[in-house]
Every structure is written in structure tokens, then in C-alpha cells.
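A quick write-up on the structure given underneath.
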There are 2 protein chains.
Amino acid sequence: MNGIFKALADPTRRKVLELLRQGPMAAGELSDRFPVSRPTMSAHFNILREAGLIAAHRDGKSIVYRLQLSVLEDALLSFGQLFGIGGTAPAAPREGSSA
Amino acid sequence: MNGIFKALADPTRRKVLELLRQGPMAAGELSDRFPVSRPTMSAHFNILREAGLIAAHRDGKSIVYRLQLSVLEDALLSFGQLFGIGGTAPAAPREGSSA
DNA sequence: ATGATATTTAGCTAAACGTCGAAATGAGTC
DNA sequence: GACTCATTTCGACGTTTAGCTAAATATCAT
């Protein structure tokens, strides 16, 4: 859980996830869309992969990353539910209920 | 947006938000629930406040923090919607759609 | 086996982060 | 005004993070 939020805390990594939403993409192709070096991007991929947010598989010379949407979904939803945000809202005191 | 994710990246700060969900609480009372010093907690409060996630107001000798649920809600919801997570799902390719 | 391409690992620097103790500020009380 | 309580600011320290270049690894083609 913490790894996911840590991974999400960096704008570059969030953009990677957004790009991957359109479909799997190779590391190099992904890197080309960011103004940082490939090693730096590789480190970002590692963090996202360790958090479970993306999965890697080799395809010939390339390594293709794909979004693990369900992991992101579970994290966002279960965190949101702690606050009654999103789909099913539990009985929770609202902000201005006693002011 | 980035400030919110940065703020959410720390477990202590996430727990502060969870505690505040039950209602406003003074800085000291809040600090008593964590195994770190008051100055440290004060720094966490600052980060949460600068992100807009909590609001402070003085009440006598104490400073009372309250959760800004709508800010958290907006952030979570709008980020989630980028991925078709949560309430209204836009037309988005699902993970295993072409595998 | 050699060479070319794609990606990562290794080693580094600079900045940011979380933490602390001590001192300073703000608000009530006597 | 002086004192006390609640909280924050300040300055320091060790750790983590994002970034880089250069070198290593893995795969494919010749």
C-alpha cells in the first residue's frame, strides 16, 4: 500500500501510468516521451513494477510494460472507501456536519 | 495535484487524515496518537495544510485541524477518472482486451 | 563470433525528506 | 507585566530520492 502511494507521488511516474493506459509500450518508446535519461526512466519503471502498478515482459530486443489497472484500482478504491469517497459510502461524518 | 500525492505518500500523514475523518482534532491530541515528536508532527501538519487536505484554526490555546474531505475527494476522483476508475467510467481499453 | 540495438546496473552528486532537541511565538491566566 | 501551556520555527543530522554518465547485460542479425 505504501509502495503504491510512494510510486504515485512522482509526476513522471504518474504520466507513465497514464501513457500505459492506452496500451502496453516498450521501455524505450516510453522513455522517448520524457525529458530525462533512459537510466532514470528505468529506475522509475522499477519503482512502478515493485509497487505492482506495471508488469514487464520481454519481446525480442524490447521490454514491454503494461499497466496493472486492477492494482491501481484496488488501491485507489480501498483508500477512498476509508473516507467514504467513491462507489459505496459507509456511514461517515461529513465535513460540515457539526460546525 | 502533485502536493496532494506527495502528502499522501507518507503513512503518518495518511493516518492523520484517517483520524481527522472522525472529526476535528487539536494538534496536541493528534500528536499524542503517534510515536514521533511534536515538531515532527507539526511538519506533517504543514505539508497536509499546504496540500489543502486539512485546515487549521485556533481555538484558545489549541490549534484545531479539520479534514478537507472535498479536496481529497476531488483529487482521488479526478485521478481515478483518468483511468476509468470509480463512478463514471469513460471508454477506456481494459487490461486484457487484446491479449 | 562480431556488431548493433535496447535496457539495466553501478557509481556518483545534489536536493529533498523525516526526524530530533532547543528556542521562539501566540494565547490565555494571575 | 509575568507565568504557563500549546504549538511552531530553527538548525542539525542521517536517509532516501531523482538525476546523470559510463559500463555491463541481453537479444537479434550478420
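Note that these values count all heavy atoms, side chains included, but never hydrogens, waters or copies made by symmetry. Just so we're on the same page: letters track the sequence lines, and every chain starts at 1.
- Picking from C/dT8, D/dT9, D/dA18 the nucleotide with the shortest atom distance to the side chain of A/His44 gives D/dA18.
- Counting heavy atoms from C-beta outward, A/Arg58 and A/Ile63 have side chains that approach closer than 4.5 Å.
- The listed nucleotides are D/dT8, C/dA6, D/dT17; the one nearest the side chain of B/Tyr65 is D/dT8.
- If you measure from atom CD1 of A/Ile54 to atom P of C/dT7, you get 13 Å, rounded to the nearest angstrom.
- Residue A/Arg38 contributes atom CZ, which lies 18 Å from atom C1' of D/dA18 at whole-angstrom precision.
- Listed nucleotides D/dA18, C/dC20, D/dT9 differ in distance to A/Ile47; the shortest reach to its side chain belongs to D/dA18.
- Atom NE2 of A/His57 and atom C1' of C/dT8 are 17 Å apart (whole Å).
- A heavy-atom distance below 4.5 Å is found between the side chains of B/Phe79 and A/Arg14.
- Within 4.0 Å of B/Phe34, counting heavy atoms only, lies no atom of the nucleic acid at all.
- For the pair A/Leu53 and A/Val16, the minimum side-chain heavy-atom distance is 4.5 Å or more.
- What separates CG of B/Asp10 from P of C/dT19 is a distance of 6 Å, to the nearest Å.
- If you measure from atom CG of A/Asp59 to atom P of D/dC28, you get 9 Å, rounded to the nearest angstrom.
- If you take NZ of B/Lys61 and P of D/dA6, they are 6 Å apart, rounded to a whole angstrom.
- In this structure, A/Ala43 reaches neither bases nor backbone, as no heavy-atom distance under 4.0 Å exists between it and the strands shown.
- Residue A/Ser62 places none of its side-chain N or O atoms closer than 4.0 Å to OP1 or OP2 of C/dT5.
- Within the 4.0 angstrom heavy-atom criterion, base atoms lie near A/Thr40.
- Residue B/Arg13 is in sugar-phosphate contact alone, with no base atom involved, counting any heavy-atom pair closer than 4.0 Å across all strands shown.
- Looking only at side-chain heavy atoms (C-beta outward), A/Pro24 and A/His57 stay at 4.5 Å or farther from each other.
- Look at CE on B/Met25: it is 12 Å from P on D/dT7, rounded to the nearest Å.
- The listed nucleotides are C/dC17, C/dC20, C/dT9; the one nearest the side chain of A/Asn46 is C/dT9.
- Nucleic acid contact class of B/Leu30 (heavy atoms, under 4.0 Å, all strands): none.
- The interatomic distance linking B/Glu50 (CD) with D/dT9 (C1') rounds to 13 Å, in whole Å.
- Salt bridge absent: A/Lys15 and A/Asp10 never bring a charged side-chain N and a carboxylate O closer than 4.0 Å.
- Picking from C/dT8, D/dT7, D/dT8 the nucleotide with the shortest atom distance to the side chain of A/Ile63 gives C/dT8.
- Listed candidates were D/dT8, C/dG26, C/dT7. Nearest to the side chain of B/Arg58 is C/dG26.
- The side chain of A/Ala27 sits closest to C/dT7 out of C/dT7, C/dA10, D/dT7.
- Under a 3.5 Å cut-off, the side chain of B/Arg38 and the backbone N or O of B/Ser31 do not form any donor-acceptor pair.
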